[in-house]
Amino acid sequence: MELILAKQSVMIKCRLKASIMMGNYEFYYAAGLLCSLSGNQPASGLRPGELAEFLNPVLHAYEPKKEQEQYLIKMLREYKVSQEYDGQMEELFQMGIADAAKLVTK
C-alpha cells in the first residue's frame, strides 16, 4: 500500500466534505489526526477494534473548530472497522498525528 494514497484521500474528503472512509488505512490516518487535534494519545499498536473503542468517547467529547474537523469526526463515527491490520496502519496513525495542523490549513 502506498501510504500517501490513504493520507491524501482523507485530506481531500475532509476538504470537500464528501465521501466516506473506505478502509482501515484511511481509518488509522484519520484517527491519528483526531488524536492530535484532541490531545488524546492511545497506546501504540492498537488493533482496529481497540482503536475504535478508544476513539468513541473522543468523538463525542471533541468540539470541532473547523468544518474539516467536523467532517473528519463524521467519517470516523460512520466507519465500521474491519479486523484487517498491518504495520503500515500504525505508520499512518503516526503520520496523522504529525499532519493534524494541515487538516485545517488547506
What's the shortest heavy-atom distance between [X] and [Y], and which atoms?
X: M11; Y: D99; value: CE-O, 3.8 Å
X: F54; Y: C35; value: CE2-SG, 3.9 Å
X: A52; Y: V81; value: CB-CG1, 4.1 Å
X: M95; Y: Y29; value: C-CE1, 3.7 Å

To the nearest 0.5 Å, what is the distance between [atom1] on [X] and [atom2] on [Y]?
X: S9; Y: M21; atom1: OG; atom2: CE; answer: 9.5 Å
X: E90; Y: R47; atom1: CD; atom2: CZ; answer: 9.5 Å
X: Y62; Y: Q70; atom1: OH; atom2: CD; answer: 11.0 Å
X: Q94; Y: M89; atom1: CD; atom2: CE; answer: 14.5 Å
X: E69; Y: L37; atom1: CD; atom2: CG; answer: 4.5 Å
X: L51; Y: Y85; atom1: CG; atom2: OH; answer: 9.0 Å

* Counterpart residues, salt bridge (Lys or Arg N to Asp or Glu O under 4.0 Å), relative to E78 (two or more places apart) ->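 By the salt bridge (Lys or Arg N to Asp or Glu O under 4.0 Å) rule, E78 matches K74.
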
* salt bridge (Lys or Arg N to Asp or Glu O under 4.0 Å) partners of E67, counting only residues at least two apart ->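 If we apply the salt bridge (Lys or Arg N to Asp or Glu O under 4.0 Å) test to E67, skipping adjacent residues, the hits are K17.
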
* Passing option when V10 is tested against L92, L72, L5 for side-chain contact (heavy atoms from CB on, under 4.5 Å) ->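 So the option named by the test is L72.
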
* Asked: Given V58, which of I73, L34, L76 fulfils the side-chain contact (heavy atoms from CB on, under 4.5 Å) condition?
  -> L34

* **Test item: N24 side-chain N/O and S82 main-chain N/O as donor-acceptor pair under 3.5 Å** =>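 Yes, the answer is positive, given that a donor and an acceptor are paired below the 3.5 Å cut-off.
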
* To do: Return yes if some donor-acceptor pair links the side-chain N/O of K13 with the main-chain N/O of I20 below 3.5 Å, else return no.
  => yes

* CA sep, side-chain torsions, deciding dist, call: M75, E26, side chain to side chain contact (heavy atoms under 4.5 Å, CB included) -> CA-CA 10 Å; M75 287 193 303; E26 289 182 6; over 6 Å; no

* **Test log, rule side chain to side chain contact (heavy atoms under 4.5 Å, CB included), inputs Y71 and L16** => CA-CA 9 Å; Y71 200 78; L16 297 177; over 6 Å; no

* Count the heavy atoms belonging to other residues, nucleotides or ligands that lie under 6.0 Å from CD of E50, then report whether that count exceeds 12. => yes

* Relative to each other, are the rings of F93 and Y28 parallel, tilted or perpendicular (30° and 60° limits)? ->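 Plane angle over 60°, so perpendicular.
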
